There are 2 protein chains.
Amino acid sequence: MTTLTATPSHTIADIKAIILREARRVTSYDVASLAGVSQSAVSRCFKPGASVSKATYARVMQAAQDLDYTPNAAARSLITRRSNLVAVIVPSAISQHYSDVLAELSRQFSLRGMHIILFNLQSESEIDLTLAEVWLHQVDGAVVAARLTAEQVAEFERRRVPIVLFNRSVAGCDVNSVVCDQEEAARAMVTRLAAAGHKRFAMIDGPAQSPIAQQRKRGMAGRLAELGLAAPMAVAGGLDYNGGARGLREILDRFGGIPDVVVCGNDLTAIGCLDTARHDFRIDVPGHMSVTGFDGIAASGWISYNLTTMSQPLLSMAQTAAEMLFGLVAGTGGARQQRSYSATFVDGATARLGPA
Amino acid sequence: MTTLTATPSHTIADIKAIILREARRVTSYDVASLAGVSQSAVSRCFKPGASVSKATYARVMQAAQDLDYTPNAAARSLITRRSNLVAVIVPSAISQHYSDVLAELSRQFSLRGMHIILFNLQSESEIDLTLAEVWLHQVDGAVVAARLTAEQVAEFERRRVPIVLFNRSVAGCDVNSVVCDQEEAARAMVTRLAAAGHKRFAMIDGPAQSPIAQQRKRGMAGRLAELGLAAPMAVAGGLDYNGGARGLREILDRFGGIPDVVVCGNDLTAIGCLDTARHDFRIDVPGHMSVTGFDGIAASGWISYNLTTMSQPLLSMAQTAAEMLFGLVAGTGGARQQRSYSATFVDGATARLGPA
DNA sequence: TTGTATGCGTTATCAA
DNA sequence: TTGATAACGCATACAA
């Protein structure tokens with residue numbers, strides 16, 4: 001490699017030619033050479049709050065601009081032991097649902113000088129391969145919206161990578177998380193429905209592996225039992241639009257008549273159920289049957305649906321998750337915490353409701 | 001730092017204690033020490049296709065597992081000059097729309113051992129700040145779904161960062177891109193609508209800065225002129241659900257009566273327009289007025305809408321973009337290329353159509 | 001096949 | 001305030 005002295009013996013063109021010839025990057029040495037200062041001086045100029053004279057700073061910055069110099073994050077992170085990178089791990093299946101969350105996380109982290117490496121899980125089974133990639137990239141922390149085993153959580157701990165679970169928890173594991181209380185939401189929904197006189201409950205459930213679906217189901221069953229009502233007829237949906245359509249057909253088949261209400265695992269399912277009820281079966285909703293969702297997605301508010309649902313404060317949750325993780329990374333995190341948000345009732349037009 | 005010799009003089013517990021005490025990471029030297037080999041041997045074990053004996057490999061891997069060792073991507077990229085990181089730059093405003101694209105890009109890149117750093121633009125004006133972060137992280141390439149100036153494209157070139165534009169182009173700039181031919185799509189739509197006898201066209205347009213909206217508008221206007229029909233009455237929408245609602249109101253106001261068809265800037269707008277037309281104005285769609293969209297989002301297929309629209313092959317486009325970028329990064333890219341896809345007609349139930 | 005030595009581009013320490 | 005020098009953790013050329 002051509003030695004670049006600290007005296008300004010090279011012109012911009014010289015240096016650019018050398019870099020081109022050697023097929024390498026512009027380094028702080030190049031900038032130092034052009035500015036006639038030492039490499040350390042250049043480094044200091046790119047560190048906020050470092051001690052540099054006005055004159056040196058100006059010359060260095062001019063040289064940096066002339067050469068299109070940018071510090072190399074890899075080299076920097078090698079010595080600072082911070083990558084300023086955060087892993088966000090989301091199952092592909094729900095990435096649609098979380099696009100706003102992702103955008104908000106990205107915003108929050110970039111406000112703090114950090115960026116997101118995205119890990120999209122095809123299936124939850126490939127999570128171990130994904131974690132290997134996470135370790136590789138030396139992320140400063142991770143936001144995980146996927147199911148984790150206690151062993152996997154322990155590995156985060158061993159490797160000293162702070163983690164915040166998003167809308168998940170791990171059984172028997174005290175881990176930082178931001179969640180929406182699904183069980184409470186389901187109970188609230190049942191309460192309002194029962195207050196309006198609904199007795200025969202049906203439910204289109206998510207897959208058995210979905211923890212959120214399970215929590216909602218548990219809340220519903222629990223509250224029904226408290227109220228002395230029969231357990232709901234539950235059919236498996238799939239948490240998408242078609243799942244709602246299929247689910248309703250199965251319910252009508254098995255129920256022999258229509259139930260008072262179909263509580264759906266999420267809004268997408270509810271919308272599928274609603275469309276099928278109204279258009280294929282000509283059922284009057286909510287006149288003859290109520291339909292409710294969970295989540296509060298944008299489409300639930302569209303005029304055609306105006307869905308009665310429980311809305312999760314996803315944006316606030318994302319903001320909190322980012323804050324929490326940043327605190328942990330910066331070392332000001334303090335103790336483990338579980339932040340739980342309540343869903344808010346959206347009093348739409350697809351269910352008859354009683355008082356809270 | 002404690003010197004770790006190449007002889008297996010330390011036990012697992014020893015090494016872990018040292019690492020803990022020095023608050024540093026597990027390095028290939030630690031693994032080498034435990035396995036009783038040199039550091040370079042460890043390095044080779046983690047390089048696919050390197051020359052290592054069966055026995056050495058086994059011992060190294062055992063030691064690596066015992067210590068929870070993972071290579072450090074930062075150190076690696078410093079020497080290989082590849083970060084295996086790809087920047088994906090998307091305006092927040094459309095991140096919803098592109099969540100599937102993002103998932104597919106993530107899948108495609110991780111298949112090739114690369115990962116995505118996500119850059120979400122709050123406003124397109126902050127792109128220069130964002131690019132600075134992109135340079136910092138030494139990404140191997142970028143997929144950009146935002147508007148870029150020729151100067152910005154030139155900077156990618158100067159810095160030798162390959163780039164693929166997604167559904168964008170830069171005026172007077174020969175840059176790799178994967179697009180859907182919006183103008184052709186708009187022309188096809190007008191042709192089918194005109195063939196059914198529609199004469200009075202209205203359109204709910206996207207913002208003037210949106211290149212996609214402009215292309216669609218141009219195609220529509222061009223084809224109408226060819227057919228000897230009057231130019232459409234255009235109102236500005238905003239490309240969201242409410243934009244469709246507001247847009248229709250404005251059209252009805254200004255039109256004095258209802259037009260034959262409202263061509264909407266995208267599906268979301270069309271759905272808003274449709275809901276407003278049917279529920280607020282009791283207009284028979286498509287009996288008295290046709291409504292069409294663009295994009296082919298999931299909701300356009302829901303029973304309540306069954307929207308007549310032009311569907312973009314976003315997944316194929318994402319796949320192509322990833323392939324193209326990977327080719328450029330791997331050096332097998334060849335010449336600049338613009339891949340253009342055609343939208344496919346979705347013959348829904350919201351417009352009267354003639355033959356193609 | 002294996003080990004030694006070197007450099008990737010930065011930050012951090014310390015003396016001047 | 002500045003410059004020399006030593007890490008950071010790895011991959012690679014070369015010698016053995």
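Lettering follows sequence order; numbering is per chain, from 1. Only heavy atoms go into these numbers, but all of them, side chains included; no hydrogens, no water, no symmetry mates. What you see is a predicted model, and the numbers here were worked out from it, not measured in a lab.
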With a 4.5 Å limit on heavy-atom distance, are the side chains of A/V60 and A/V31 in contact? yes
Here the distance between atom P of C/dG9 and atom CD1 of A/I19, to the nearest Å, is 10 Å
Length of the CD-P vector between B/E22 and D/dA6, whole Å: 19 Å
Given protein heavy atoms under 4.0 Å, the one-letter contact record of nucleotides 10-16 of chain C, with B base, S sugar-phosphate only and - none, is simply BBB----
Can you measure B/R81 atom CZ to C/dG7 atom P for me and round it to whole angstrom units? 13 Å
In chain order, what residues pass the salt bridge (charged side-chain N to carboxylate O under 4.0 Å, His left out) check against A/D66, with sequence neighbours excluded? none
Establish, from distance only, whether the side-chain atoms of A/S83 and A/Q138 form a donor-acceptor pair under 3.5 Å. no
Closest to the B/S38 side chain, choosing from D/dT2, C/dG9, C/dG3: C/dG3
Taking side-chain hydrogen bond (donor to acceptor under 3.5 Å, both in side chains) as the test, write out the residues that go with A/E323, two or more places apart. none
Output the rounded distance in Å from CG (A/D30) to P (C/dG9). 9 Å
Just how large is the angle between the end axes of the helix from C/dT1-D/dA16 to C/dA16-D/dT1, five pairs per end, to 10 degrees? 30°
According to ring-ring contact (aromatic ring centres under 6.0 Å, His included), who are the partners of A/F109, at least two apart in sequence or on a separate chain? none
For B/Q138 and C/dC8, what is the distance between atoms CD and C1' respectively, to the nearest whole Å? 11 Å
Partner set under side-chain hydrogen bond (donor to acceptor under 3.5 Å, both in side chains) for B/E133, not counting sequence neighbours: A/H115
Can you sort out the partners of A/D68 under salt bridge (charged side-chain N to carboxylate O under 4.0 Å, His left out), two or more places apart, ordered by chain and number? B/R158
Would you be so kind as to tabulate the donor-acceptor pairs closer than 3.5 Å made by side chains of residues 40-54 of chain B, with sequence neighbours excluded?
unit_1: B/S40; atom_1: OG; unit_2: B/S38; atom_2: OG; d: 3.0
unit_1: B/S53; atom_1: OG; unit_2: B/T56; atom_2: N; d: 3.2
unit_1: B/S53; atom_1: OG; unit_2: B/T56; atom_2: OG1; d: 2.8

With a 4.0 Å cutoff (strictly under), does any side-chain N or O of B/S77 reach OP1 or OP2 of C/dC8? no
Results of salt bridge (charged side-chain N to carboxylate O under 4.0 Å, His left out) for A/R147 - residues two or more places apart only: A/E124
In whole angstrom, what separates B/R82's CZ from C/dG9's P? 16 Å
